[in-house]
Amino acid sequence: MPSDEYLQGIYYIQGRDFVDAGIVSSEIKKSLKDKGIPESIIRRVAVITFEAEVNMISYSEQGTIQLFIEPDAITIQADDIGQGIEDIELAQQEGYSTADDSIRELGFGAGMGLANIKKYSDIFEITSNPGDGAHLKSVVKL
Ligand SMILES: Nc1ncnc2c1ncn2[C@@H]1O[C@H](COP(=O)(O)OP(=O)(O)OP(=O)(O)O)[C@@H](O)[C@H]1O
Ligand SMILES: [Mg+2]
């Protein structure tokens, strides 16, 4: 994780709170705009944070997204407490999803979130202890 001097914000996410889905990624988008970050970078960070946020709402009890802005990179660190991920390789495959009907009814559950996070990241790391939660780090270079 980058040093705290680059920490722009910590955003809290409540599991199962679909009403608020997208609020954190919108706030992050706005703060990057205010800082004059290029549009093309903001679009990538917005996809990454939105997918991480919806995954936390869908599959965890609660979590945080920390945003770091360094002179040459933006880092998104997403940590949650919850069921975690049994098979990380499988979870990253396009089309793989354990979403139940309540999630699918809302239009999520295509199994594309982690694949898209990976696609838009210059560096992508995901770790998990099943039963504890999931940890995701994404770096977008400036
Ligand atoms: N934070 C998390 N905690 C526990 N499991 C997760 C978490 N994030 C993802 N997963 C697991 O990985 C699977 C794949 O996630 P991914 O975001 O790629 O797809 P999805 O959420 O199922 O569908 P989509 O993102 O396209 O709406 C999920 O169905 C879930 O089983
Ligand atoms: Mg998802």
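Please read these numbers as outputs of a predicted model, since none were measured by experiment. Indexing begins at 1, ligand by ligand and atom by atom, following the structure's order. Values below: all heavy atoms of this structure, side chains included; hydrogens, waters and symmetry mates excluded.
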Distance from [atom] to nearest protein heavy atom, with residue and atom:
atom	value
atom 19 (O) of ligand 1	G111 CA, 3.2 Å
atom 26 (O) of ligand 1	M112 N, 2.8 Å
atom 3 (N) of ligand 1	Y59 CB, 3.6 Å
atom 9 (C) of ligand 1	N55 ND2, 3.6 Å
atom 31 (O) of ligand 1	T98 OG1, 2.5 Å

Minimum distance, heavy atoms only, to atom 16 (P) of ligand 1: which one of L114, I88, I103 is it?
L114
I want to confirm something. Looking only at heavy atoms, which of I117, I85, D100, L106 is nearest to atom 6 (C) of ligand 1?
I85
Run the numbers for me: atoms of ligand 1, each under 4.0 Å from some heavy atom of [X], listed by number.
X	value
A91	12 (O), 14 (C), 18 (O)
G84	4 (C), 5 (N)
S97	20 (P), 22 (O), 29 (O)
F108	27 (O)
G113	16 (P), 17 (O), 18 (O), 19 (O), 24 (P), 25 (O), 26 (O)

Establish whether V139 and F68 are linked, either directly or via other cluster members, by ILVMFWY side-chain heavy-atom contacts under 4.5 Å.
no
Examine Y59 and Y96 and state if one hydrophobic cluster contains both, with Ile, Leu, Val, Met, Phe, Trp and Tyr joined whenever side-chain heavy atoms are less than 4.5 Å apart.
no
Determine whether [X] and [Y] make a side-chain contact, defined as any pair of heavy atoms from C-beta on separated by less than 4.5 Å.
X	Y	answer
I57	I13	yes
Q62	Y12	no
I41	P38	yes
L136	F124	yes
Q8	I74	no

side-chain hydrogen bond (donor to acceptor under 3.5 Å, both in side chains) with R16: which of S58, S102, S60?
S102
Contact check, [X] vs ligand 1, heavy-atom distance below 4.0 Å:
X	value
G109	yes
G82	no
S58	no

May I ask you to check if ligand 1 and A134 share an N or O to N or O distance below 3.5 Å?
no
Of all the heavy-atom pairs spanning [X] and [Y], show the shortest one and how long it is.
X	Y	result
I42	I37	CD1-O, 3.2 Å
I103	G109	CG2-N, 4.4 Å
I65	E53	CD1-N, 4.1 Å

What part of [X], side chain, backbone, both or neither, has a heavy atom within less than 4.0 angstrom of ligand 1?
X	result
E51	side chain
S60	neither
D80	side chain

Qualifying residue for side chain to side chain contact (heavy atoms under 4.5 Å, CB included) with L90, from Q93, Q92, E86:
Q93
Are R104 and D100 close enough for a salt bridge, meaning some N to O gap below 4.0 Å?
no
K137 with D79: basic N within carboxylate O range, under 4.0 Å
no
Could you grab the protein N, O or S atoms closer than 2.8 Å to the Mg ion (ligand 2) for me?
N55 OD1
Drop me the distance from D80's CG to E61's CD, to the nearest 0.5 angstrom.
9.0 Å
